[in-house]
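Each chain gets a letter, A, B and so on, in the order the sequences are listed, and its residues count up from 1.
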Amino acid sequence: MDYDPQELEAEWRARWDAENRYEPDPTDAAAPEDEETTFITVPYPYPSGGMHIGHARTYTVPDVYARYRRQQGDEVLFPMAWHVTGTPIIGAVERLQKREESQMSVLQDTYNVSDDVLEDLETPMGYAHHFIEEHYKKGMRSLGLSIDWRREFTTNDDRYSKFITWQYETLKERDRLEKGLHPVKYCTEQENPVTTHDLLEGEDVEYQEYTLIKFEQGETVVPMATLRPETVRGVTNAYINTDATYVEAAVDGETWLVSAEAAEKLELQDHEVEIRREFAGSEVVGDTVTNPVTGDEIIILPAEFVDPDNATGVVMSVPAHSPDDYLALQEAKADPDRLESYGIDPAEVDAIEPVPILDVEGYGEIPAKDAVESAEITDSTDPELEEVTQDVYNAEFHTGTLHEEYGEYAGEVIEDVRDELATNYREQGAFGAMYDFPEPVVSRAGGKVVVAYQDTWFLTYNDEDWKDAAKRAVERLDTTPENTRGEYTHTIDWLNEWPCIRNYGLGTRLPWDDEFVIEPLSDSTIYMAYYTIAHRLEEIPVEDLDGDFFDALFYGDDAVDGDADERALDLRAEWQYWYPVSQRFSANDLISNHLTFFLFHHAELFDEAQWPEGITIMGMGLLEGEKMSSSKGHVVLPGKAIENYGADTVRFFLLNSAEPWQDYDWRADQVEGVEDQLRRFWNRAQELIGDDAADAAANVDPEGDLEHIDRWLLSKLQTTIDDVTAALDNAETRTASQAAFYGFEEDLKWYRRRADLDRDGAVWTLRHVLETRLRLLAPFVPFLTNELHEQLTGTPAEDAPWPEVDEGWQSPRTETEERQIERLADDVQDILTVTEQNPETIRVYVAADWKREVFETVREVGTDVGQVMGEVMQDPDLRERGDAVNDLVQDLVELVRGVDDDTLAAMSKIDERSTYETAVDFLEREHDAEVAVYAEDDEGIDDPGGKASNAVPFRPAIHIE
RNA sequence: GCGAGGGUGGCUGAGCUAGGCCAAAAGCGGCGGGCUUAAGACCCGCUCCCGUAGGGGUCCGAGGGUUCGAAUCCCUUCCCUCGCACCA
């Protein structure tokens with residue numbers, strides 16, 4: 001039978017469907033709590049686009065684990081659902097409606113959406129359903145994922161919303177939610193908050209919090225924005241854009257002078273703003289303002305480089321520490337005519353000197369001057385200026401120490417005191433703050449995007465008692481790999497309040513304030529519990545799913561006043577049967593949000609017994625060494641890959657090329673290599689499956705009819721079982737599949753060379769080995785292994801139990817003997833390679849008995865040469881041999897040092913001569929030469945080359961001619 | 001900058017948590033040979049340098065150190081990737 005993955009895989013899919021194979025229900029066992037249940041989850045996909053090969057791996061990793069646990073005898077639940085919450089799908093639909101080119105390209109070219117269904121995609125759920133049905137579900141079924149599809153749902157379903165409603169009402173009752181103001185990106189055109197997806201320009205730009213230093217001009221405040229508040233004592237002058245429009249406005253009861261744009265932003269940032277007067281910047285040029293910290297009077301100079309649309313539109317100049325400011329000052333001084341045209345006395349400007357306020361290593365007294373001069377920058381348009389400025393800023397921030405006049409902060413490093421200093425002055429009223437982008441940001445609607453304060457509900461992840469509970473959840477969690485544990489605790493420490501709502505998007509409305517929608521990272525924290533009951537909830541009318549219902553379901557009878565809903569209590573049994581989550585598989589970049597939220601919410605809402613047991617994180621995928629990108633069409637679709645190579649090949653490649661948590665790279669040439677390997681495996685298996693092979697094996701009594709080399713292979717098989725099991729227990733899919741497949745293939749290669757394969761014993765051995773390997777490989781390549789195992793034994797591999805180590809076949813001695821033979825073969829080969837001779841006779845000389853005695857001494861005494869010599873020299877016979885003994889001890893000490901205790905024990909048991917004699921046939925066959933084995937101290941030894949005396953225990957001398 | 005993970009032979013990539021069977025797995029690629037009418041598949045050998053006897057030399061980003069012994073442990077340094085929040 002030829003290997004035809006398409007045909008064979010289709011058959012098994014049909015069988016699984018017909019049998020409802022992966023739809024577990026709680027069993028009726030008397031004590032269900034005694035039963036081993038394994039509940040495996042993975043983040044539900046977000047169907048804002050199609051499935052690609054990266055997703056295929058994300059969902060195959062948990063599938064392999066699920067299949068492994070099933071073979072180990074567990075009841076395993078592996079469900080799937082769809083995350084549609086938030087704006088990405090809505091955004092995608094809008095771009096589709098506008099027939100945006102890039103969006104059309106993704107849909108039509110990358111995901112092959114045909115024109116006749118395009119219309120169906122023009123509603124959010126229509127869009128989602130298309131990708132769910134046509135891409136994800138088809139892909140997952142083709143891959144052979146053992147999912148219980150009865151439990152499928154979307155996060156936009158009414159019943160799911162009822163569940164989330166219950167969750168958020170419960171959290172509010174427990175004071176884990178708080179209302180407050182928060183800066184958001186805001187489109188001035190649409191007068192609405194926007195997300196990164198809504199941006200046309202500046203997607204990567206993050207807003208920053210500027211400190212406003214409130215310079216004064218009489219009663220008027222002239223706030224100057226800076227990211228370096230500690231430089232307040234180094235300000236020598238201010239700059240204003242002469243052509244821009246500025247306003248005098250009442251801001252929170254004070255009179256402020258800022259750019260017109262700034263006034264608008266301040267209003268959006270929760271300030272009372274009333275504009276009284278507009279004027280050009282030039283009007284105030286030449287005026288002086290007072291530094292609120294030092295009391296110094298400084299002059300406002302004209303400047304074109306000041307952007308009125310950045311922060312307040314008025315900037316302060318710190319020429320000692322800012323290369324930009326230093327150059328600007330130089331340039332101002334160089335143009336007295338211009339100054340005069342604004343009525344400024346050039347002499348006044350000429351007198352301005354940089355005022356250093358900190359010391360920094362690697363620079364002189366005036367760092368900005370140093371930096372500019374050593375880089376030989378003379379012009380503020382020099383592109384190198386930016387780099388130099390960054391260097392100065394970095395150096396000053398991390399190593400700069402403040403001068404004496406900073407009082408309590410004197411001598412401190414900027415990095416350590418900047419925030420404290422700014423907060424301090426803010427409290428005293430000298431400083432203010434505002435948010436703004438350092439670069440222009442534009443929405444897709446074409447409007448300018450600014451930072452606005454918005455009323456928001458927060459999850460209070462900063463509550464200390466909640467953090468403590470989350471940390472306890474981490475402590476009892478099994479983290480894979482283990483070194484990610486610290487990342488969870490680190491995230492918990494660092495996590496602050498989390499705004500959990502949005503103004504629009506799909507999902508569940510905030511129960512008590514329905515203009516808000518609960519955002520995606522906040523409606524996906526305990527949904528794993530929903531899987532346990534999702535399919536049965538369908539029978540219950542939506543309106544019955546109120547708070548009491550879920551209280552009864554999750555907290556039991558006592559949690560509700562009056563009689564609890566029987567249906568809820570019934571579902572509670574199934575929830576308790578499956579919960580907690582045994583293993584959650586997720587992407588490593590979700591540790592800093594989703595996975596930690598998952599822990600927070602479980603810690604808050606459920607008892608410790610229901611907290612997650614394990615999280616395994618997964619790495620990123622590359623395609624031919626580059627990041628996948630659906631917008632660039634740089635993706636491989638699972639359907640296509642499966643069509644080309646078969647699902648088993650796809651699975652095996654994805655699971656075998658890297659451990660789950662490592663990054664992996666889909667390379668077509670390597671995938672083809674895997675397909676070849678599987679086909680080879682199939683063909684070899686076929687040779688062992690026919691009636692002839694079965695009959696041959698039936699003749700064999702494994703106790704009596706097997707040879708040394710058969711037992712060696714069976715011993716290796718036990719080691720492999722052990723290794724694969726240990727690896728899969730740790731979700732090490734790569735190690736496990738490597739050991740079961742490639743690792744053992746090496747052993748088989750040797751076996752085929754060494755053994756006479758026509759013997760019935762060999763057939764029996766190979767069939768036994770095949771059966772065991774099929775079971776070990778079943779989680780990885782379920783189609784192929786099921787088929788072959790069924791052909792071989794009558795049952796599919798997935799129905800066969802996981803192999804256990806049979807100690808009867810474990811034999812360190814056999815393995816050690818075989819290693820000696822292998823080594824001898826290698827040595828012969830080496831000699832032949834170097835001498836390039838065609839051998840006629842190969843003579844092997846085993847070391848003399850006295851040498852073996854010395855070995856035994858080393859083994860007993862240990863690897864201290866002096867001690868061994870002391871012991872050996874007690875023996876008069878050995879003493880006579882003098883230097884020869886000394887050399888031998890040196891060699892043997894080296895040998896013993898390199899060997900573990902078990903191997904050493906096995907070595908002391910083996911008889912070298914008879915071991916090599918069993919390999920005579922093999923060596924003769926390999927080299928087409930006569931092979932003879934002698935002992936060095938034999939009477940009738942034939943030693944034409946005089947080599948025999950070179951023999952050392954476990955290193956026989958060899959003579960070839 | 002902070003946090004995490006890396007730098008290994010032509011490439012991919014093990015080993016490095018428990019230092020010695022490590023010139024360093026496996027796959028791919030390359031070379032030579034076998035099988036075959038031929039191709040493919042399959043099998044064998046070679047694939048850092050030197051060597052007509054199983055050996056020697058150099059090597060695991062760089063530089064130091066610990067040790068009888070280090071790719072593996074410690075220190076310093078250079079470089080790369082990812083995350084850093086309201087994006088899912």
Side-chain angles (χ1 to χ4, degrees), chain A residues 43 45-46 48 83-89 182-185 193 195-199 203 206 393-394 397-398 415 454 456 458 481-484 486-487 490-491 493-502 505 519-522 524 587-594 617 619-620 622 625 627 656-659 661-665 667 669-670 672-674 676-677 679-680 683-684 734-735 738 741-743 745-746 749 752-753 819 823-824 826-837 863-865 893-900 903-904 926 945 947 950 954-960:
Chain A
Y46 203 96
S48 58
H83 202 193
V84 299
T85 307
T87 57
I89 291 172
H182 193 79
V184 297
K185 293 177 184 174
T195 68
T196 306
H197 274 279
D198 304 318
L199 299 181
E203 291 103 314
E206 286 303 327
Y393 282 14
N394 271 336
F397 182 60
H398 297 294
E415 186 172 10
Q454 276 270 309
T456 300
F458 299 98
E482 176 56 35
N483 64 14
T484 54
E487 291 187 56
H490 181 259
T491 303
D493 282 334
W494 150 97
L495 209 55
N496 224 316
E497 295 170 318
W498 181 268
C500 62
I501 55 164
R502 295 288 178 274
E519 61 89 38
L521 283 164
S522 300
S524 56
N588 57 6
D589 54 334
L590 294 181
I591 292 178
S592 61
N593 46 54
H594 165 260
I617 60 124
M620 297 258 303
L622 298 175
K627 242 180 153 161
N656 183 260
S657 62
E659 300 293 6
W661 48 90
Q662 294 175 323
D663 294 347
Y664 59 96
D665 189 3
R667 286 177 183 264
D669 59 341
Q670 295 196 10
E672 278 167 35
V674 170
D676 290 344
Q677 296 279 3
R679 173 165 282 113
R680 210 169 294 168
N683 292 338
R684 286 247 158 80
R734 178 192 157 88
T735 303
Q738 283 274 348
F741 197 84
Y742 294 103
E745 208 58 50
E746 287 297 296
K749 204 165 154 184
R752 285 189 205 103
R753 252 175 96 180
R819 197 172 302 119
R823 192 163 173 186
L824 174 62
D826 282 350
D827 280 348
V828 170
Q829 184 58 249
D830 280 353
I831 295 166
L832 292 174
T833 303
V834 176
T835 61
E836 295 178 348
Q837 58 183 319
T863 55
D864 183 309
V865 177
V893 163
E894 283 291 309
L895 175 74
V896 169
R897 269 185 179 157
V899 155
D900 62 53
T903 309
L904 196 58
E926 287 266 301
K947 299 281 185 187
N950 293 337
F954 306 101
R955 204 75 208 277
I958 298 165
H959 177 252
I960 298 176

Non-neighbouring partners of A:Thr835 that pass side chain to side chain contact (heavy atoms under 4.5 Å, CB included), sequence neighbours left out = A:Ile831, A:Gln837

For A:Asn950, what residues pass the side chain to side chain contact (heavy atoms under 4.5 Å, CB included) criterion, not counting sequence neighbours?
->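 Result, side chain to side chain contact (heavy atoms under 4.5 Å, CB included) vs A:Asn950: A:Lys947, A:Ala957.
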
Under 4.0 Å between any heavy atoms, over every strand shown, what does [X] touch: base, sugar-phosphate, or nothing? Just pick one.
X        : result
A:His959 : base
A:Pro956 : base
A:Glu746 : sugar-phosphate
A:Pro520 : sugar-phosphate
A:Arg823 : nothing
A:Asn496 : base
A:Ala658 : nothing
A:Arg753 : sugar-phosphate
A:Gln677 : sugar-phosphate
A:Ile591 : nothing
A:Leu832 : nothing
A:Ser592 : sugar-phosphate

Any strand is fair game: report the nucleotide pairing with [N] by Watson-Crick or G-U wobble, both distances under 3.5 Å, or none.
N     : value
B:A62 : B:U76
B:G83 : B:C2
B:A41 : none

What is the distance, to the nearest angstrom, from the [atom1] atom on [X] to the [atom2] atom on [N]?
X        : N     : atom1 : atom2 : answer
A:Ile89  : B:A88 : CD1   : P     : 11 Å
A:Asn593 : B:C82 : CG    : P     : 17 Å
A:Asp589 : B:A85 : CG    : C1'   : 13 Å

Classify the side chain of A:Asp827 and the base of B:G54 as holding, or not holding, a donor-acceptor pair under 3.5 Å.
-> yes

Taking only N and O in the side chain of A:Arg667, is any of them less than 4.0 Å away from OP1 or OP2 of B:G29?
->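 Answer is no, no contact under 4.0 Å.
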
A:Gln662 vs B:A14: side-chain N/O to OP1/OP2 distance below 4.0 Å | yes

Pairs: protein N or O with nucleotides 4-10 of chain B N or O, under 3.5 Å:
from: B:A4; atom 1: O2'; to: A:Glu487; atom 2: OE2; distance (Å): 3.3
from: B:G5; atom 1: OP1; to: A:Asn483; atom 2: ND2; distance (Å): 3.4

Any donor-acceptor pair under 3.5 Å linking the side chain of A:Arg502 with the backbone of A:Glu519?
->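 No, the answer is negative, given that no donor and acceptor are paired below the 3.5 Å cut-off.
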
